[in-house]
Amino acid sequence: MKYAAPVTVEEAQHLLASDEEAQVFAGATDLIPQIRAGRKQPPLTVDLKRIPRLVNMRVEGNTWVIGAAVSAAQLSSNPDLAVDFPGMTEAAALIGSDQIQSRATLGGNLCNASPAADTVPAMIVNGAVGVIATSEGTRMVPVSDIAIGPGSTCLAPGEFLLELLVERPPLRTADAYLRFIPRTEMDIAVVGAAARVTLAEDGVVESSRIAIGAVAPTVLRVDEAEAALAGRVIDDDLLDEIATAASERGSPITDKRGTADFRRHVVGVLTKRVVAAAAQRAGGSQ
Amino acid sequence: MSRTHVTCTINGDEVEFLAFDGQTLLDALRDEVQLIGVKEGCSTGDCGACSVILDDMLTCSCLVFAPEVEGRSLTTVEGLAEGDQLHPLQQSFLEGAALQCGICTPGFLVAAKSLLDKNPDPTEEEVRYAVAGNLCRCTGYDKIVRSILSAAADIRETM
């Protein structure tokens, strides 16, 4: 297993073109355990962290441009990002210990394609778009379409994620992310839920996006709940209505983290709470 | 099997070693550099026994490929003491009996140093979060947390 650390996108593309089995990585927090477990045996590993474009983040016009190899620690220590996307920032901050925060990346969390990835529902509700390096140049794919099943993405051999684009939120808009784990820290989501809510001046919901994780092979939008919220004032009855919609949306499995019935119940509860939290933030209070 | 030449700074000294293909930083530190303070626990990033500080960031060396540290700066537990003079954290762990079998201790010390370098006056809660990535199977967490708080106070006094 060879190791290469290209310093430009072109050099990385060239390396990947040289070997179809080559594996890109950023933090390696998923890759190294997968190699040790015998699930992957790439002949060439390509470290993307020496490419400046992939480890920097900036605002360009009205859009956040976040390098695919920006670490969770970099994300959660950026005060401006936390103002625009408190939910996405808290999702990144929930991943693992300080030791993992320094290595784990937004791009890796997405491309590892775990149904339980914490940042993916939060990126989806914010309409994040992935910029993918291809042999011809780049292509843009919404984050919701990148993971297509557990451990698999829409990226072709030779392609890799360059950066994530997230438009800054409009007025009276905020996001939130919540997950359930059986302890307070250091665990993988049994269920996750993210919401972004935009309120009209009179306090009714103008628009919303809701995404739920770990209840299906990929993160799901809850269209029915989003439709139910539109044009209404959030109250307990409405929250119960969207909880039911979220519970019915998923197709969870039973595993060591929880039963399917438990996940169906909890995703409803979390959806209710996360919408209420996002709406409260959108109303101006954190 | 080819080997990669790696040059980096470890505990202030320039170090060169040859890394095997696929070798982790943990294995290279122990087998090529003979720094055996860093311990292997789970090798999946859960236990923190292999913690090192890599360019000011606390990291599990089991989750780093050895050639990644080319040109970078590392602190391991061997870098804490100055000659025969133990680091205040080490002294405090001894005095507070913050270890039993000791295999988790280097990782806890490095994690605690990383915290105190950034936050010299942490609350108990901040200490507990800072060592949440370190597991102790002898269930000595309270003594560890108290020893870190006590070392922090000692360091502040001498500053």
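All chains are named by letter (A, B, ...) in the order of the sequence lines, taking the proteins before the strands, and each is independently numbered beginning at 1. Excluded from the calculations below are hydrogen atoms, water molecules and symmetry mates; all remaining heavy atoms, backbone and side chain alike, are included.
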Quiz item: Checking B:Glu70 against chain A: side chain, backbone, both or neither under 4.5 Å from a heavy atom?
Solution: both
Exercise. Under 4.5 Å, counting heavy-atom pairs only, tell me which of B:Cys60, B:Cys62, B:Ser43, B:Gly45 racks up the most with chain A.
Key: B:Ser43
Quiz item: Can a donor-acceptor pair be found between the side chains of A:Gln99 and B:Asn134 at a distance below 3.5 Å?
Solution: yes
Self-check item: chain A contact via B:Thr24 - which portion, at a heavy-atom distance below 4.5 Å
Solution: side chain
Quiz item: Should B:Arg3 and B:Asp21 count as an ion pair when the cut-off is N to O under 4.0 Å?
Solution: no
Quiz item: Using non-hydrogen atoms only, which part of A:Ala5 is less than 4.5 Å away from chain B: side chain, backbone, both, or neither?
Solution: neither
Quiz item: Would the A:Phe180 and A:Phe262 ring centres measure less than 6.0 Å apart?
Solution: yes
Self-check item: Other residues, nucleotides, ligands: >12 heavy atoms within 6.0 Å of B:Asp56 CG
Solution: no
Quiz prompt | Closest-packed option against chain A by number of heavy-atom pairs under 4.5 Å, given B:Val131, B:Val64, B:Leu54 | solution = B:Val64
Quiz item: If you count the non-hydrogen atoms of other residues, nucleotides and ligands that lie under 6.0 Å from CD in A:Glu185, is the total more than 12?
Solution: yes
Quiz item: More than 12 foreign heavy atoms under 6.0 Å from CD1 of A:Ile148: is that the case here?
Solution: yes
Practice problem: For chain B, find which of A:Asp30, A:Ile32, A:Thr29 contributes the most heavy-atom pairs closer than 4.5 angstrom. | Solution: A:Ile32
Quiz prompt | Contacting moiety of A:Asp98, where chain B heavy atoms sit under 4.5 Å | solution = both
Quiz item: Between B:Thr44 and chain A, which part of the residue has a heavy atom less than 4.5 Å away: side chain, backbone, both or neither?
Solution: both
